[in-house]
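Hydrogens, waters and symmetry mates play no part in the numbers below; they use all other heavy atoms, side chains included. Lettering follows sequence order; numbering is per chain, from 1.
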Amino acid sequence: MRLRLLLTAALVAPSAITARAADAPIANTPIPQVIDRYIDAAITEAGVTPAGQADDATLIRRLTLDLVGRIPTTREVDEYVASTDADKRAKLVDRLIASPGFARHQAALFEAMFNPEGNNRGSGGFRQYMTDAVRENKPWNRIFREVVVPDEADAKLKGAAEFIRGRLSDADKLTNDVSVAFFGVNVSCAQCHNHPLVTDWTQDHFYGMKMFVARTFDAGAFLGERGYGSIKYKPTKGPERTAKMMFLTGAVVEDPGKEPTADEQKKEKEALEKAKAAKTAPPAPKFSARAKLVEVALKDANAEFFAKNIVNRMWHRYFGSGFVNPLDQMHSENPPSHPELLAWLARDVAANGYDLKRLTRGLVLSKAYSRSSKYDSNPPDSKLFAVARLKPMTPNQLATSLKIAATDPAAFDGKKPDELEKMYEQAESSASGFARLIAQPTENFQIGVGEALLFSNGERVLKEFLTDGGNSALARTKAMKAPAEVAAFLVKTAYGRSATSDEVKAITTYVEKRKGREADAYRQVLWALVTGPEFRFSY
Amino acid sequence: MPAKRTFCGSPEHAVNRRAFLGAAGAAGATLAADMTQLDALASPAVNDALKKTQKRVILLWLAGGASQLETWDPKPGAPTGGPFRAIKTDVPGVAISELMPKMAQRMKHTCILRGLDTKNGDHGSAAVTMMRGRRNEAAIRYPDLGAVLAREMGRPDSKVPDYVSFYTQTEGRSMAPGDAGFLGARYAPMDLTTNNVPDFIRRLADITDLDHKERSDLRDVLGKQFAAGRHSETLGSQNEAYERVRGLMSSEKLFDVTQEPQKVRDRYGPGQFAEQTLIARRLVEAGVPFVRVGRAWWDSHGQNFETHQEMVPELDHVMATLIDDLKDRGMLDDVMIVTLSEFGRTPAINASLGRDHFASAWSSTITGCGIKGGSVYGKTDANGNKVVAEHVDAGSLFATIYEALGINPEKNYYYGSRPIPLVNPGIEPIKAVLK
Amino acid sequence: MPAPNPDTLKLAKDFSRPSIVFGVARKAGTGTIYLACSDFKVYAADITAAKFEPKELYGHESYATSVALAGTTLVSGGYDGKLMWWDTAAGKVARTTDAHAKWIRKVVASPDGKFVASVADDMACKVWDAGTGKLVHDLRGHKEKTPHDFTSMLYAVAYSADGSLLATGDKVGHVAVWDAKTGAQVGACEAPVMYTWDKQQRLHSIGGTRSLAFSPDGKQLAVGGMGKVGNIDHLEGKARVEVFDWKAGKQTAEFPGDKFAGLVNRLAWAPDGSWLLGAGGAGEGFLLFFDVAAKKTLRQEKVMMHVHDVDLSPDAKELVCVGHNKITVHKLG
C-alpha cells in the first residue's frame with residue numbers, strides 16, 4: 001500500500017514527465033522532431049536551461065564512437081568541421097551507418113547486451129550472426145525469432161542458437177535472460193517468491209515464462225524441443241501449483257502438450273537417435289512453446305514490452321541512460337522518465353517493421369543527442385537529458401581508439417573509402433587482445449585502479465600503443481623541431497581538436513625539462529593524453 | 001568529482017563516506033562548499049564510519065573443502081570419526097582435532113561455527129555462494145565479502161589496495177575468483193596468482209621514477225580542463241584510480257616478505273601459505289581492509305587423512321602464529337580472521353579412505369574484532385551427519401561478520417533503483433557469538 | 001615344492017564387515033585370523049567356521065592399523081601410538097606400550113617370533129623383544145619432513161625370511177635396509193616415482209612406499225605404492241611395484257601397472273620365489289602377480305574391496321585379504 005502511495009507521488013514529481021495529450025505528435029513526424037518536442041517540453045517544465053549544442057569536432061567524435069566504435073581520424077574531423085553543407089550531419093550519420101564498422105560495433109554491443117557476464121564474448125558464432133544481422137538491417141522482431149527459435153539447419157543462422165545453447169543447463173537463467181533481453185523485465189525475483197516490491201511480478205509470471213523455454217534440450221549438434229513437459233512449483237503460500245504457459249502480461253496460452261505414453265516416448269527416442277545419426281535436426285514438436293512465445297510476445301498489446309524494451313535499450317546506447325533504469329526493471333513501480341516519448345517511439349518502431357537503423361538514425365539526429373556534455377553550474381537532473389552524459393568507452397572502443405590515436409594521421413591520407421575501412425578493421429582486430437584487459441561498462445560503472453595500474457605500468461600499453469616505429473604518431477614527431485609543434489600535433493591526434501594555449505604551455509614545459517630525451521618526453525606526453533578522461537569517454 | 005546519487009533523500013544516503021573522505025583527501029575547494037558533506041562530518045553515522053575504517057579482515061580461504069572432522073568438529077570414536085583424536089583446548093568443554101595443538105591453546109580468541117548447512121556441494125557454485133553470503137540471482141551478480149569491505153572500509157585516497165586476493169594454486173582458482181559483482185571494477189580485487197607481487201605495481205625499466213611521477217602530474221593537469229563543468233561519477237572514479245597509482249606502487253614493499261625481520265618470518269615458517277599470510281598481516285597493518293589468502297586444495301576424495309595430516313598442521317601453525325602476531329601488535333580487536341571453504345567433507349569415509357563433498361553440517365571460524373572468543377555455536381549429531389542445533393547458513397554467517405565489523409547487514413546498496421541489502425531480507429546475525 | 005600357479009587363483013569366500021579392516025594376521029595352519037579395524041578394535045575370527053563371527057578381543061584408542069603374530073603373542077599397533085600385546089593362550093592383554101609419538105602404520109614379527117618391529121609417523125622403526133616387550137632398537141634415518149616442508153610419514157616395514165634384515169619405507173620413496181641384529185643401516189633404495197608432490201595445482205602430496213617384501217633369498221627387495229598421480233585428490237595413479245637389488249641400491253625390475261589404479265598396500269613372495277604378489281586398491285581392489293625374473297605380469301585380478309592387508313599361507317595355497325568393509329578368502333592350486 002505504501003508503495004502504491006509512493007508511486008502516485010512519483011508520477012506527479014518532475015522526474016516523470018508528462019506532456020499534454022493535445023501536443024501528441026502524429027505518426028509520420030520525423031523521429032528527431034518528436035524526441036526534441038518531448039525532451040524540450042520536460043526541460044521547460046522543469047524550468048532548467050539545457051546545455052548548448054556540442055561543437056562539430058565533439059559531435060563527430062561522439063557519432064563516430066557511438067556508431068562505429070572508434071574515434072574519428074583527424075582528417076575526418078577536419079573535413080566535417082570545415083564542411084559548410086547544411087546537411088552534413090545527416091550525411092555523416094548515413095555514411096557511418098552504412099559502413100562495415102557499424103555492423104561490427106553494434107554487433108559487439110548487442111552481444112554484450114545478450115551476454116552481460118561476458119563468457120566467450122567475441123569469439124563465437126553469435127557475434128558473427130549479429131554482425132550479419134546488423135549489416136542486413138534485420139528487423140528486431142526477426143532477430144527475436146531467430147534467437148529464440150533458431151534455425152540451426154541454416155549455417156548463416158546457426159550462430160543465433162548460441163544464446164539458448166549457452167543456457168541449456170539452467171532453465172531458470174534462460175527464462176530470465178530471455179525476459180531481460182527482449183522485454184526489459186527481470187523476473188528472477190519472482191522465482192522464489194512474489195516480488196516483494198513490484199506487484200507486477202508473481203511466481204506465476206516466472207514459471208509461466210519458464211514454461212515457454214524449459215522444454216528445450218541439447219540434442220547433440222542441434223537444439224531439441226519437446227512438445228510436452230510441465231513445471232510444478234511450491235508457492236510461498238498454499239499448495240503446489242502446476243505452471244500455466246503465461247506471458248508477462250498475464251496472457252495465458254493454451255498448452256496442448258500432453259505427457260506422452262510409453263510407446264510415444266519410445267518412438268520419440270528412436271526419432272531422436274535417427275536424427276542424431278543422420279546429423280540432422282531432431283523432429284520439431286507439433287507445438288513449439290518457444291515459437292508460441294514469439295507469437296504471443298508480438299501479438300497486439302502484448303508487443304508493448306517488446307517494443308518499449310528495444311527503444312529503451314537503444315536510447316540508453318546513444319544517450320548513456322535509459323528512460324527506464326536499470327534496463328531490466330520495466331515495471332509499473334519504476335516509471336519511465338518520459339512515458340509519452342517512450343510510448344511514441346515504441347509505436348513508431350513497431351509500425352516501421354522494427355527497423356533499428358531507422359530508429360538509430362532518428363535518435364542521433366535529434367538535438368537532444370547533440371547537446372554538449374559541459375554544464376558549468378550545478379547540472380540539472382540527469383533524467384531530463386538536458387546535458388549530454390559522459391559515456392565510458394567499451395573495451396573495444398577504447399582499444400581501437402588507442403590504435404587510431406597512436407597512428408600517424410598522415411597514414412590515413414589519400415586512401416580510398418574501402419582502404420580506410422580496412423585500416424579501421426585492422427586497428428580493431430589488432431586491438432582486440434588488449435581490449436580483453438579492460439572492464440565492460442555496466443550500470444553505475446566505476447573505473448578500477450586495476451586499469452590505471454595497467455596503463456601506468458603495463459608493458460603492453462608501451463608496446464602496442466606507444467611505439468615510435470613505422471607509421472606511428474610518435475615516429476612523425478621525430479621530424480618536428482619545436483616542442484610546441486609536437487604538442488599541437490599530439491593533442492590533435494589524440495583528441496581530434498586544436499590544442500589550447502594552456503595545453504601547449506604545459507606540454508612544452510614538460511618537454512623542455514627533458515632536453516636531449518625528447519623521444520621519451522613525447523611518448524610520455526602521448527601517454528598523458530590518452531590516459532586522460534577526454535580520451536576515456538565519449539563526451 | 002563524482003556527482004552524488006541520492007536515492008530517497010534519507011540522511012543515511014547523504015553520508016556518502018567515500019565522497020566525504022575523498023574530499024578530505026583531495027582537499028578540493030569546490031567540495032568544501034558542499035554543505036551536505038560538512039554536515040556529514042558532525043553526523044554520528046560518519047563517526048561510526050570512521051571507526052569502521054579501523055577494522056580489517058583476513059580470510060583464510062580453504063579452497064576445495066577442508067574437513068570439519070579433522071579440524072573444528074572432531075568425532076573421535078564415531079564410525080565416521082577417522083583416526084585422529086580430539087584434544088582439549090584452553091576453553092573448557094571445547095575440543096578440536098589433535099592435528100591442531102597450537103590452535104587448541106588459542107581457542108579463547110576464536111569462535112567456532114559448527115552448524116553450517118549451506119545446501120550446495122558443487123565446488124564452483126558453492127564457492128560463489130560462500131564468497132558472497134548468497135547465491136547470485138539469474139541477473140544479479142552480488143559483490144563478494146572482499147568487495148563489500150573494500151566499499152565499506154576502503155578510502156579513495158588510500159595508498160594501499162582495498163581488496164587483495166592471493167590464490168596461487170591453479171586448482172579451483174577460476175571457480176572462486178574475487179568478484180565485485182554489481183559494484184563493478186572499482187571494488188574488484190587485486191589478484192595475486194603467479195607470485196606475491198601484484199601485476200603492474202612495478203614501474204617499467206624504461207621510465208625513470210621522476211618521469212613516471214611527472215607524467216602522471218601532466219595527465220592531471222590536462223585532464224582538469226576536460227573535467228571542468230562535467231559531472232560524472234565514472235569520470236570521478238577514473239581520476240581517483242589514477243590518483244591511487246603512485247601510492248599503490250609505494251605499497252609494493254608491503255608485498256615483499258623479505259622486508260619483515262627474519263625472526264618474524266621464522267615464526268610464520270616456510271611455505272607459500274605462511275608467507276602469504278604474513279604478507280596479509282603486513283597489508284592489514286598498512287590499512288588494507290580485506291585480504292583473502294586462498295589455500296588450495298583440500299579436496300581429499302582419496303586419502304583424506306593423509307591430506308589433512310599434511311595440511312591441517314600447516315593451517316594450525318599459520319593461524320596460531322597470525323593470532324599471536326596480531327595480538328602482540330594490539331591488532332586483534334580490529335582484525336578479523338575468518339576460516340571458510342566452499343563446503344566441508346562427508347562424515348562417511350569412502351573406499352579410497354577419502355571424504356567427499358558435504359554441505360549439510362560443517363564448520364567455519366571467526367577470530368577477533370567483535371566476535372566472542374571461545375564460543376562455539378552449532379551442534380552436529382554423533383556421526384556429524386546433520387546439524388541438530390543452531391543452524392548457520394551463508395547469509396547468517398555474513399550477517400554476523402558484518403555486524404561484528406560494525407556494518408549494518410541491512411544496509412542497502414542500489415543496483416540502479418533497486419535497493420539491495422547486504423544480506424537477503426530476514427537474515428539475522430548470530431547474536432550469541434557477538435560481543 | 002613349487003608354489004601354486006597364480007592362474008589357479010579363485011575366490012572361495014567373502015565376508016562383510018561394518019568397519020574398515022586395516023590389518024590381518026593368521027595363526028598358521030588354522031582358520032584363526034586376527035583383525036585390526038577402524039572401529040579401534042582387534043578381533044579374532046575363524047574363517048573355517050560355519051558362521052563367520054569375529055570376536056572382539058580389546059581396543060585401541062584410535063584406528064587399529066596392524067596386527068602381527070610373534071609366537072603366541074599377538075601384537076597390534078594403532079593411530080594412538082600404542083602397541084598392545086595380547087597373550088593368545090591366556091586370552092588377555094599382557095602389556096600396553098606407549099611405543100611411538102605419532103601414528104603407528106605397521107607392525108611385523110620376525111620369522112622366528114622373537115622380535116617385533118613397528119613403524120610410525122614419528123619416522124622411527126622400533127624393534128621390540130617379543131617376550132619382554134623391551135625396546136631393542138630405535139632405528140632412525142628417515143627424514144621427518146618432506147623436501148616440501150610437510151611432515152613425512154613412515155608407512156612400511158618388513159623382515160627378510162631369515163630374520164636378519166629389516167626394511168623400512170617412507171612417504172617420499174626412501175627405503176632403508178637395516179641389520180636386524182645390530183640396528184645398523186646396511187643399504188638404501190629410492191623409489192621417488194611413488195611420491196607425487198603437486199607443487200602448482202594443489203600444493204600437497206600423495207603416495208608413499210606402502211609395502212615392502214624381501215625375496216625368499218633376501219637378495220631382492222620389492223617396494224609397492226602408486227605411480228605418479230595427475231589429480232592427487234584421487235588414488236588415480238597406477239598400482240606400482242619396483243624391485244631392487246638392495247645391496248647395490250639398484251632397481252632391477254619395474255611394474256608400472258597398466259590395469260589398476262591405486263596403492264599397492266601389501267607385497268608377498270611365493271615361498272619358492274617364483275612369483276610376487278601385490279595387493280591394494282583405490283575405490284575397488286586388486287591382486288597382482290608378477291614373475292620378477294622374467295619381468296612379466298602374470299595375472300591382474302579385481303577384488304571386491306580396496307585391500308589393505310593380506311595373509312598368504314606358508315604353502316601359498318590360501319590368501320586372506322582384508323580391506324574396506326570386506327574380507328575375502330582366495331584359494332590357489
Taking the inter-plane angle between the rings of A/Phe535 and A/Tyr495 on a 0 to 90° scale, is it parallel (under 30°), tilted (30 to 60°) or perpendicular (over 60°)? tilted
Report the option among [options] that has the most heavy-atom pairs separated by less than 4.5 Å from atoms of chain B.
options                                : value
A/Thr500, A/Leu174, A/Val530           : A/Thr500
A/Ala439, A/Ser456, A/Ala506           : A/Ser456
A/Lys513, A/Arg514, A/Lys391           : A/Arg514
A/Pro441, A/Pro392, A/Ser373, A/Ala521 : A/Ser373
A/Asp376, A/Leu453, A/Val491           : A/Leu453

Can we say [X] and [Y] salt-bridge, meaning some charged N sits less than 4.0 Å from an Asp/Glu carboxylate O?
X        : Y        : value
B/Asp211 : A/Arg517 : yes
A/Arg523 : A/Asp520 : yes
B/Asp220 : B/Lys224 : no

Would you mind telling me which of B/His212, B/Met190, B/Arg246 has the largest number of heavy-atom pairs within less than 4.5 Å of chain A? B/His212
Segment of [X] engaging chain B (4.5 angstrom heavy-atom cut-off):
X        : value
A/Leu462 : side chain
A/Tyr375 : both
A/Pro533 : both
A/Phe445 : both
A/Tyr539 : side chain

Run through B/Arg155, B/Glu152, B/Arg186 and flag the one making a side chain to side chain contact (heavy atoms under 4.5 Å, CB included) with B/Asp162.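 Answer to the side chain to side chain contact (heavy atoms under 4.5 Å, CB included) test with B/Asp162 among B/Arg155, B/Glu152, B/Arg186: B/Arg186.
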Kindly determine whether A/Gln524 and A/Tyr510 satisfy side-chain hydrogen bond (donor to acceptor under 3.5 Å, both in side chains), including the steps that lead there. CA-CA 9 Å; A/Gln524 290 157 17; A/Tyr510 187 89; 2.7 Å; yes
Does the ring centre of A/Phe455 sit less than 6.0 Å away from the ring centre of B/Phe200? no
